[in-house]
Amino acid sequence: MAQDKATLRKYNYWQWRTLIILMLGYALFYFVRKNFSIVMPALESELGLSKTQLGIFLTLNGVIYGVSRFFNGFLSDRLKRKRVFMAAGLFLSAVVNLVIGFLPQMNGLMGILDAEGKVTMFAVYFIGTLLLFNGVFQGMGFPPCSALLVNWVKPSELATKQAIWNTSHSLGAGLLGLMIAGILNAFGNAAWQWCFWIPAILAIMGAALLLLGLKDDPSDVGLPSVVTLDTATKDARDDSKESPEFKKKAYKLCVKHLVFGSPTMWCIAVCTFCVYVVRFTVLDWGSSILTQYKGMDLGLAATVVGLTEVVGGILGVLLAGWMTDHLFKGKAHHTGLLFTAIATLFLFLFWKAPKDNTILNIIYIVLISFFIYGPQGLVGIAASNQATKRAAASANGFVGMFGYLSPIVSGTLFGFLAQHYGWDSVFEAGIIFGIVGTIVWALIWKAPANGYAKAEELLKQLDEE
């Protein structure tokens, strides 16, 4: 028993150490990803980039990022040194940011600027290429995180602890916004280069922390597989002593049956698409809706959108994770259904609220964010548990790609609807996607909390070969 207590204490230490370092590391991925969009007004005024060019940059970067997450999910599950892969992605993304920051200094070599100090077409293509590479490198961040978390966290605790990790999104975006605002307010738009240099330097430090502070697997510190300590997966085997060849076959079998061949996983992917449509409706169009449809002052609208990120991105995700583990016994799809349905209801109430009732409109949009960020965080948890630790990153790459295809609707389609048919049509479409997401969650209501029992059946087939 003393040995068991010592083992649990050691696990507890490494779980929290891994969780905290992964939070810091992923927050720093945001530092060298979202800084470009925040500093775009300065790039317009200082470099002469047009809104059309900037919009194309963002679209291409987003698509490449989603594709990169998809492929890197499968790669992460196959790699033994996941922390090295994640650290490399953060470091390379930092290098891209450093190069963007040094563009004016490269003018003599590459003809970046014209006689008026504005970017040439060569520079536009060059910046676009750099952002495409950044999208690829950014896709190396999330998959290793999901793989490392399932290596170190019990399946019965994954929702709570991955929800805590998920706050790194909002922490990274919030701290970055404050830092860039401080730089530009103090030194003006001419200091735009520092908005790339400082995040890049911090990201390089973060890459070193990931590389030196993490361990890839419990066996690296003399511990057995984490699932052997979890009563929710008491029948799961310890994979630390399996041969590389067996692990390779087991991975392929789990991907085939627990990812691509799983109706539950496909439902989670569709839910991801619908949830992200509603999420990006608030995140991307929130300021426009509040000012153009609700008649709110731009400064207040921007503050409200920031509030939705904090309240939803942190409090909503934490509550959803806690409820999944403690009320629904690890069944993330149950919490996802409840939260998606409530978010859709508040989207309807926000649409119909009197435009002159500022307080009520603020309450409704904050509540939309609160309840939609819950399932946004849970889709990754559900995918990890259903695919088990053997294919968690692959599953997250799969469902994550659906999430980052959603801007085709929330961006392009909703922009078209708003311009030609008004904001009412955007609300109607958003509500439809919310209802569809709720229905699809309901289709997998009876699904188990995780796929470990199914995985064990599959692995028995390998034992018999």
**Option from Val95, Val96, Val32 for which side chain to side chain contact (heavy atoms under 4.5 Å, CB included) with Phe137 holds** = Val96
Contact summary for [X] and [Y], nearest pair of heavy atoms:
X      : Y      : result
Ala383 : Val399 : CB-CG2, 4.0 Å
Ser68  : Val136 : OG-O, 2.7 Å
Cys145 : Tyr26  : SG-CD1, 4.1 Å
Phe29  : Gly141 : CZ-CA, 3.5 Å
Ser76  : Ala393 : CB-CB, 3.8 Å
Gly380 : Gln162 : C-NE2, 3.8 Å

**Request:** Tell me whether the guanidinium CZ or amine NZ of Arg279 lies under 6.0 angstrom from the six-membered ring centre of Tyr276 and within 45° of its axis.
**Result:** yes
**Asked** Got a sec: does the NZ of Lys252 have more than 12 other heavy atoms crowding it under 6.0 Å?
**Response** no
Who are the side-chain hydrogen bond (donor to acceptor under 3.5 Å, both in side chains) partners of [X], not counting sequence neighbours?
X      : result
Thr160 : Asp325
Lys34  : none
Tyr251 : Ser394
Ser425 : none

**The single option from Lys215, Lys82, Arg81 passing salt bridge (Lys or Arg N to Asp or Glu O under 4.0 Å) against Asp220** = Arg81
**Asked** Passes ring pair (Phe, Tyr, Trp, His ring centres under 6.0 Å), Trp351 versus Phe346? Steps please.
**Response** CA-CA 8 Å; Trp351 174 28; Phe346 280 116; over 10 Å; no
Indicate yes or no for a side-chain donor-acceptor contact from [X] to the backbone of [Y] under 3.5 Å, with no hydrogens or angles considered.
X      : Y      : result
Gln53  : Ser50  : yes
Ser369 : Val366 : no
Asn72  : Gly139 : yes

List for me each residue that meets ring pair (Phe, Tyr, Trp, His ring centres under 6.0 Å) alongside [X], sequence neighbours excluded, and say none if there are none.
X      : value
Phe74  : Phe70, Phe260
Trp152 : Trp14
Phe402 : Phe398
Phe350 : Phe427

**Complete:** Contacts satisfying side chain to side chain donor-acceptor pair (under 3.5 Å) that involve residues 88-97 (not counting sequence neighbours) are Asn35-Asn97, Ser93-Asn134, Ser93-Gln138
**Fill in**
Applied to residues 255-267, the side chain to side chain donor-acceptor pair (under 3.5 Å) test, sequence neighbours excluded, yields none
**Message:** Just by distance, no angles: are the side chains of Ser384 and Ser146 close enough, under 3.5 Å, to form a donor-acceptor pair?
**Reply:** no
**Prompt:** Are side-chain N/O atoms of Tyr452 and Asn385 paired as donor and acceptor at under 3.5 Å?
**Reply:** no
**Request:** Mind jotting down which residue pairs meet the salt bridge (charged side-chain N to carboxylate O under 4.0 Å, His left out) criterion with at least one end in residues 38-50? Sequence neighbours excluded, please.
**Result:** Glu44-Lys51
Report all side-chain donor-acceptor pairs from residues 186-203 shorter than 3.5 Å, counting only partners two or more places apart or in another chain.
residue : atom : partner : partner atom : Å
Asn189  : ND2  : Ser45   : OG           : 3.1
Gln193  : NE2  : Gly101  : O            : 2.7
Gln193  : NE2  : Gln105  : OE1          : 2.9

